[in-house]
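Encoded as structure tokens, the structure appears first; notes follow it.
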Amino acid sequence: MYRFISRLCLVGAHHQRCRLTPPPLPRWLGLAGLLPQIAVAAVVLSGDTAHRFNALALGYAYAAIILSFLGGIWWGIGASHANPPEWLWVAAVTPSLIALASAVPWALGDPWPGPSLLVLGVALIAALAVDIALNRRKLTPPWWMGLRLPLSLGLGGLTLLLGLF
């Protein structure tokens, strides 16, 4: 995975922008952030029908919260720079709007969270495009992609898995 991250960093950016290993605290806290979705996936894959829907609902909520959190991070990155790209402001509010839109089927009475989980899983992975663009513009720390890539692929992949089961 770090070879892939290295390629992302070298394309369009100075190679010193990409120190692959994030500092220990953000790395461990970020990885700990995968634990709720891992627990949800364990419940769903265990075949426990009594807790399946509750687990899926929690998995949905967690993915929606984290997707919205990413938008907040991007807003903060934009606010911390004198001349951020204008597209960043739009990108920063988009995750919350996607999360809200993905709740509409439930609000209209659809009992199955699968499609909403698929939307969130794809959005979490697609969010990497914003992180890559920010990193290439040197608006993030050099280790940013070393943190964001495994977290987005991990949470996005787990959310997609939940949507398929």
Side-chain angles (χ1 to χ4, degrees), residues 1-45 55 58-102 116-164:
M1 180 174 319
Y2 285 113
R3 174 180 268 180
F4 179 71
I5 297 169
S6 296
R7 288 185 186 164
L8 287 177
C9 293
L10 292 175
V11 175
H14 191 273
H15 73 281
Q16 292 192 0
R17 282 284 311 146
C18 201
R19 188 181 75 192
L20 297 180
T21 305
L25 189 58
R27 181 179 60 229
W28 288 113
L29 290 173
L31 291 172
L34 295 175
L35 293 176
Q37 211 72 332
I38 291 169
V40 166
V43 170
V44 170
L45 295 175
L58 287 172
Y60 168 81
Y62 189 68
I65 289 167
I66 297 300
L67 184 62
S68 297
F69 176 72
L70 290 176
I73 291 172
W74 300 336
W75 188 276
I77 289 170
S80 70
H81 290 83
N83 295 308
E86 288 189 11
W87 60 261
L88 181 55
W89 303 110
V90 175
V93 299
T94 300
S96 296
L97 296 175
I98 291 171
L100 178 62
S102 73
S116 298
L117 285 161
L118 294 175
V119 167
L120 292 176
V122 168
L124 285 162
I125 293 170
L128 284 169
V130 174
D131 290 316
I132 291 167
L134 293 173
N135 189 259
R136 287 183 178 164
R137 291 176 181 262
K138 300 181 181 179
L139 297 174
T140 59
W143 46 264
W144 189 252
M145 291 310 300
L147 179 71
R148 294 297 314 126
L149 190 65
L151 296 180
S152 286
L153 292 178
L155 186 60
L158 286 164
T159 304
L160 286 172
L161 176 74
L162 292 173
L164 294 172

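The figures that follow rest on heavy atoms only: side chains count, while hydrogens, waters and symmetry mates do not. Sequential numbering from 1 along the given sequence is applied to the chain's residues.
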State, to 0.1 Å, how close [X] and [Y] come at their nearest heavy-atom pair, and which atoms those are.
{"X": "N135", "Y": "P142", "value": "ND2-O, 4.3 Å"}
{"X": "A55", "Y": "V40", "value": "O-CG1, 3.1 Å"}
{"X": "G163", "Y": "L117", "value": "CA-CB, 3.7 Å"}
{"X": "L147", "Y": "P26", "value": "CD1-O, 3.5 Å"}
{"X": "P36", "Y": "G33", "value": "CD-O, 3.4 Å"}

Please examine the side chains of [Y] and [X], heavy atoms only from C-beta on, and report whether any two atoms are closer than 4.5 Å.
{"X": "V43", "Y": "L58", "answer": "no"}
{"X": "L118", "Y": "L160", "answer": "yes"}
{"X": "P85", "Y": "L139", "answer": "yes"}

Selection residues 59-78 - residue pairs positive for salt bridge (Lys or Arg N to Asp or Glu O under 4.0 Å), sequence neighbours left out
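Every pair satisfying salt bridge (Lys or Arg N to Asp or Glu O under 4.0 Å) with a residue in residues 59-78: there are none.
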Hey, could you give me each pair passing salt bridge (Lys or Arg N to Asp or Glu O under 4.0 Å) that has a residue in residues 142-155? Not counting sequence neighbours.
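Non-adjacent pairs meeting salt bridge (Lys or Arg N to Asp or Glu O under 4.0 Å): D131-R148.
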Those residues that, when tested against W28, pass ring-ring contact (aromatic ring centres under 6.0 Å, His included) (two or more places apart):
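If we apply the ring-ring contact (aromatic ring centres under 6.0 Å, His included) test to W28, skipping adjacent residues, there are no hits.
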Drop me the distance from [X]'s [atom1] to [Y]'s [atom2], to the nearest 0.5 angstrom.
{"X": "L45", "Y": "I38", "atom1": "CG", "atom2": "CD1", "answer": "11.5 Å"}
{"X": "S152", "Y": "L67", "atom1": "OG", "atom2": "CG", "answer": "9.5 Å"}
{"X": "L70", "Y": "S96", "atom1": "CG", "atom2": "OG", "answer": "9.5 Å"}
{"X": "I73", "Y": "I77", "atom1": "CD1", "atom2": "CD1", "answer": "7.0 Å"}

Selection residues 61-87 - residue pairs positive for ring-ring contact (aromatic ring centres under 6.0 Å, His included), sequence neighbours left out:
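Listed by first then second residue: W75-W89.
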Mind listing the side-chain donor-acceptor pairs of residues 120-128 below 3.5 Å, one per line with the distance, residues two or more places apart or on another chain?
none

Going by the side chain to side chain donor-acceptor pair (under 3.5 Å) test, which pairs reach into residues 118-129, not counting sequence neighbours?
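Found none.
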Checking S102 side chain against A99 main chain: does a donor-acceptor pair fall under 3.5 Å?
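Checked: pair present.
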Please report the C-alpha distance between Q37 and L161 in whole Å, then the side-chain angles of each, then the deciding distance to 0.1 Å, and finally whether the side-chain contact (heavy atoms from CB on, under 4.5 Å) criterion is met.
CA-CA 10 Å; Q37 211 72 332; L161 176 74; over 6 Å; no
